[in-house]
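So the structure is just underneath, and the comments pick up after that.
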Amino acid sequence: MRKDRAGNYFEDFRVGMRIRHATPRTLTEGDRSLYIGLTGSRTALCTAETNAQRLGFDRRPLEDLLVFNTAFGKTVPDISLNAVANLGYSDVRFLAPVYPGDTLTVETEILGLKENASRKTGVVYVRSTASNQLGLNVLTWIRWVMVHKRDPGAPCGEAVVPTLNASVPTERLPCGDYSARVREIGSMTGVSALWDDYAAGERIDHPGAMTVNESDHSIATRLYQNTAKAHFDGFAATARGTKRLVYGGHVMSICKALAYDGLENGLSILAINGGSHVNPTYAGDTIACSTMVLDKIDLGLGHIGGLRLRTIGVKNAAASSIAFPDAGGTRPIHPEHVVLDLDYTIAIPR
Amino acid sequence: MRKDRAGNYFEDFRVGMRIRHATPRTLTEGDRSLYIGLTGSRTALCTAETNAQRLGFDRRPLEDLLVFNTAFGKTVPDISLNAVANLGYSDVRFLAPVYPGDTLTVETEILGLKENASRKTGVVYVRSTASNQLGLNVLTWIRWVMVHKRDPGAPCGEAVVPTLNASVPTERLPCGDYSARVREIGSMTGVSALWDDYAAGERIDHPGAMTVNESDHSIATRLYQNTAKAHFDGFAATARGTKRLVYGGHVMSICKALAYDGLENGLSILAINGGSHVNPTYAGDTIACSTMVLDKIDLGLGHIGGLRLRTIGVKNAAASSIAFPDAGGTRPIHPEHVVLDLDYTIAIPR
Amino acid sequence: MRKDRAGNYFEDFRVGMRIRHATPRTLTEGDRSLYIGLTGSRTALCTAETNAQRLGFDRRPLEDLLVFNTAFGKTVPDISLNAVANLGYSDVRFLAPVYPGDTLTVETEILGLKENASRKTGVVYVRSTASNQLGLNVLTWIRWVMVHKRDPGAPCGEAVVPTLNASVPTERLPCGDYSARVREIGSMTGVSALWDDYAAGERIDHPGAMTVNESDHSIATRLYQNTAKAHFDGFAATARGTKRLVYGGHVMSICKALAYDGLENGLSILAINGGSHVNPTYAGDTIACSTMVLDKIDLGLGHIGGLRLRTIGVKNAAASSIAFPDAGGTRPIHPEHVVLDLDYTIAIPR
């Protein structure tokens with residue numbers, strides 16, 4: 001029996017194939033502490049037990065992107081160990097809060113496969129879902145990723161490309177069990193801006209900036225038990241004339257933490273409509289970001305509303321220099337210093 | 001409503017103004033683990049549950065400077081986001097132990113204001129106090145900080161400078177509820193030196209030295225949710241011809257950890273009488289320190305005494321090279337390699 | 001009373017001397033999170049509470065080498081503060097699982113002493129044992145270390161060299177209380193290979209590689225409260241024309257984490273038969289490793305078997321380049337890029 005597991009190549013996938021990823025992971029307060037230390041996260045709901053209780057929770061849930069990155073990491077050995085690039089996300093929905101002590105199990109279904117013209121690679125479309133120890137789904141997402149073929153000559157079936165929504169439809173947004181008490185959040189953050197105080201088209205240049213250190217992103221990516229070699233093997237990177245790549249999910253977490261200033265009363269991420277890691281980030285790069293309010297979503301609830309946001313992250317440039325090119329259904333053209341273009345929807349009291 | 005919160009400038013403060021800082025923070029065992037990993041702290045009371053119980057506690061409290069740095073970090077967005085420099089501390093008192101699970105809320109009162117002759121900056125004197133989820137005050141401190149004016153021409157009222165004590169008077173030292181059992185500490189540390197074994201004027205050159213890595217201080221400062229840009233924005237620092245500055249509180253934590261060797265049976269910090277960050281520390285600098293016993297304080301208790309200590313920290317120099325210039329009520333003259341001059345009082349069994 | 005504790009020198013040790021190390025340490029989920037973040041550990045039993053319960057445990061124990069490194073760190077101030085080099089390990093046995101909340105106390109007995117011909121150094125042989133808060137021994141190990149003499153002229157007694165076994169005899173392997181349920185591990189890891197699927201002489205080149213960052217090893221070594229100056233004092237290292245040395249236990253942890261791929265169903269380490277840190281590792285080095293199955297051990301149990309493994313770690317070289325020189329009772333000759341040669345026995349379901 002061979003022990004050198006090399007991950008799946010493009011021709012190993014079949015549409016409809018289901019993979020249960022190894023192994024389940026229990027998240028704890030220790031993981032949260034490390035997440036705060038690595039990203040500077042300050043989300044009100046997650047920063048204090050007293051905040052969570054005043055906002056109507058029994059205790060404070062874990063940070064959304066800590067959950068996302070951990071669940072994502074589980075899929076790497078089976079889906080993207082032989083990836084060229086992670087091309088995009090769609091229909092990412094945060095279905096239920098995850099608490100310290102909860103154990104995440106992640107499964108993936110192959111939704112689509114499309115060999116590239118070069119026949120050296122292909123695009124794999126997958127839906128992954130994380131559930132907790134009670135079997136409750138807590139997070140689901142689609143991503144598509146370009147994966148090497150083991151053998152360019154291997155025959156591949158006809159292309160199957162799933163239809164992807166440009167955004168999560170309002171009726172599918174998971175609105176949680178927020179109580180009317182969430183309106184008290186302003187007394188915790190010291191900021192009064194709620195749903196009514198944001199306008200579509202409004203732009204917020206977040207004041208902070210964060211330099212990524214080699215050890216920061218290495219620790220974060222190991223914490224997520226993400227084993228993609230591009231993040232860890234500096235010897236191989238140097239041999240290829242490049243450097244270790246910062247995991248894109250770490251860049252998302254940093255932008256999310258920087259975006260606290262200006263979006264202080266955001267409760268949680270409901271969904272990620274789409275997103276892409278536009279250019280690579282390396283240790284030593286300094287990340288800044290700007291957010292545009294794309295849309296205000298009436299969730300049909302009296303006490304919370306949705307804000308559809310587009311956060312663009314750049315490296316080694318000021319937030320004020322960021323342009324918001326029209327996505328318009330096609331992949332926008334970004335300059336080289338753009339590292340992240342994320343379209344997501346948050347809940348905020350109204 | 002503007003979302004780009006830029007912090008307060010000198011002319012925004014008024015004497016008597018009170019600020020409740022955002023947001024409360026729950027500290028956990030995860031934060032302690034990270035604190036030990038980042039600083040090398042080995043305090044007997046905090047290192048083991050069994051130690052704490054043998055010393056008369058129900059469980060082990062969190063490290064003093066983890067509490068201080070977390071509480072301090074909360075004040076940054078409102079007080080010192082536009083600071084030129086943190087000038088000094090006074091009357092810092094550790095009023096009650098903080099345990100994992102406790103939530104800290106921090107409030108600040110503006111004690112004094114003094115515009116500088118240049119009219120570009122002014123000194124803000126503040127008293128900040130952290131309380132736990134039961135409303136019990138656990139830490140209070142005065143600091144004064146030089147803050148930029150937004151508009152040099154802005155009129156400022158007459159100078160108000162609070163009177164500051166050179167040290168915390170003995171009768172105001174919080175002596176806690178130490179039981180007679182604390183005398184057992186020597187059996188945990190393997191060191192027999194107690195209060196009687198220290199003499200005023202005695203000098204201890206601590207044997208260790210610690211190089212600060214870029215990621216170490218970044219993680220520590222983020223853990224404290226301290227958002228001061230000088231610590232994080234390497235791109236802006238390079239543009240100004242400088243480097244990211246190590247947060248002074250991290251240097252204090254390192255010196256405190258190094259000072260374990262020679263002060264093994266210290267129970268906790270009762271107060272910081274005064275202190276200043278004399279010169280900046282940058283990643284790559286190696287910290288060493290030496291301590292002089294300034295005074296032995298009879299707390300009027302049979303089982304513990306106070307040691308008033310002065311710890312001077314240096315970068316890239318041996319502890320044995322440290323001079324102890326007389327403070328004498330004026331700011332001592334230090335050579336460039338001195339980074340910290342801290343005057344504090346610890347409890348030690350007698 | 002002198003406060004500058006400089007550790008023991010060779011002539012301070014006596015055969016039969018017993019040292020109780022300061023201070024006990026409570027390990028927590030926070031320490032585990034940091035361990036995962038620093039090493040990338042993915043052991044099934046330790047990664048999820050649900051895994052542990054399905055494998056017949058009440059809850060998940062702490063990672064073996066987190067326990068080893070923490071216990072080892074406790075011995076440094078008394079045994080190896082003045083060490084030239086840690087020469088080897090023998091008869092390391094993991095006697096009982098350690099859980100979050102457990103407190104470790106470590107004691108050492110001096111087994112042997114042998115002055116070197118130069119009279120400047122000598123070899124100290126010690127047995128150290130860690131016990132938990134109930135007094136149960138959880139880990140025991142022999143190591144030998146070359147230690148400086150304070151005074152080359154100091155008289156030393158006749159050499160006493162303990163007899164060391166080449167490996168832990170099967171009857172002394174601690175086999176734990178594994179239940180028959182451990183056979184379910186394959187459904188967690190997604191890998192079916194159990195004891196029967198490994199063969200003596202089989203070689204596994206582990207696919208991962210991990211670059212060690214300065215902050216990674218510094219944080220890890222501080223987490224273990226290991227105070228050896230060689231790991232921390234960059235200023236002194238530069239003055240000697242060298243660099244900070246990565247703690248060998250961190251290299252062991254990285255190799256163990258990399259060796260997950262190919263040994264996924266390993267339950268825990270039963271014993272380390274022998275091992276040595278062959279060459280130094282510095283920050284920036286990339287670690288890879290290969291494992292040879294030395295022996296298959298019938299533990300006389302129906303549900304688990306032992307695999308005696310030899311894992312060789314290298315820096316800045318491919319796992320496939322590793323040679324396995326015959327140990328044959330003598331110290332094997334290794335090229336300069338070899339950093340670790342570890343002979344250990346794991347439990348795996350059969």
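Chain letters run A, B, ... following the sequence lines, proteins first and then strands; every chain starts at 1. Owing to the predicted nature of the structure, the values given are computational and were not obtained by experimental measurement.
Heavy-atom distances place no part of A:Glu29 under 4.5 Å from chain C, backbone and side chain included. For C:Val191, the part lying under 4.5 angstrom from a heavy atom of chain A is the side chain only. C:Thr28 does not touch chain A: none of its heavy atoms, backbone or side chain, sits under 4.5 Å away. Contact annotation for C:Ala52: neither backbone nor side-chain heavy atoms come within less than 4.5 Å of a heavy atom of chain A. Of the two parts of C:Leu38, the backbone and the side chain both hold a non-hydrogen atom closer than 4.5 Å to a non-hydrogen atom of chain A. Of the two parts of C:Arg32, neither the backbone nor the side chain holds a non-hydrogen atom closer than 4.5 Å to a non-hydrogen atom of chain A. Contacts of A:Ser33 with chain C are absent, with no heavy-atom separation under 4.5 Å from either backbone or side chain.
If you tally non-hydrogen atom pairs under 4.5 Å between each of C:Gly262, C:Ser41, C:Ala44, C:Ala257 and chain A, the highest count goes to C:Gly262. Contact count against chain A (heavy-atom pairs under 4.5 Å) is highest for C:Asn51 among C:Ile219, C:Asn51, C:Asp261, C:Leu34. Comparing C:Glu49, C:Met210, C:Lys315 by how many heavy-atom pairs each has under 4.5 Å with chain A, the most go to C:Met210. With chain C as partner, the option from A:Arg20, A:Arg244, A:Glu214 having the largest number of non-hydrogen pairs under 4.5 angstrom is A:Arg244. By number of non-hydrogen pairs under 4.5 angstrom with chain C, the leading residue of A:Ser218, A:Ser215, A:Ala236 is A:Ser215.
Side-chain atoms of A:Gln225 and C:Thr47, non-hydrogen and from C-beta on, do get closer than 4.5 Å to each other. Looking at C:Arg60 and A:Thr26, their side chains come closer than 4.5 Å, going by heavy atoms from C-beta outward. Side-chain atoms of C:Ile36 and A:Arg222, non-hydrogen and from C-beta on, never get closer than 4.5 Å to each other.
In the displayed structure, C:Glu184 atom CD is contacted under 6.0 Å by more than 12 heavy atoms of other residues, nucleotides or ligands. Within a 6.0 Å sphere centred on CG of C:Asp58, other residues, nucleotides and ligands contribute 12 heavy atoms or fewer.
The minimum heavy-atom distance linking C:Ala48 with A:Thr103 is given by the pair CB-CG2, 3.8 Å. What you find for C:Thr211 and A:Asp233 is that their closest heavy atoms are OG1-C, 3.7 Å. In terms of heavy atoms, A:Pro24 sits closest to C:Thr50 at CB-OG1, 3.9 Å. The nearest pair of heavy atoms linking A:Phe235 to C:Thr286 is N-OG1, 3.1 Å.
Rounding to the nearest 0.5 Å gives a distance of 11.5 Å between CZ of A:Arg25 and CZ of C:Arg42. Distance check, rounded to the nearest 0.5 Å: CZ of A:Phe232 to CD1 of C:Ile287 gives 14.5 Å.
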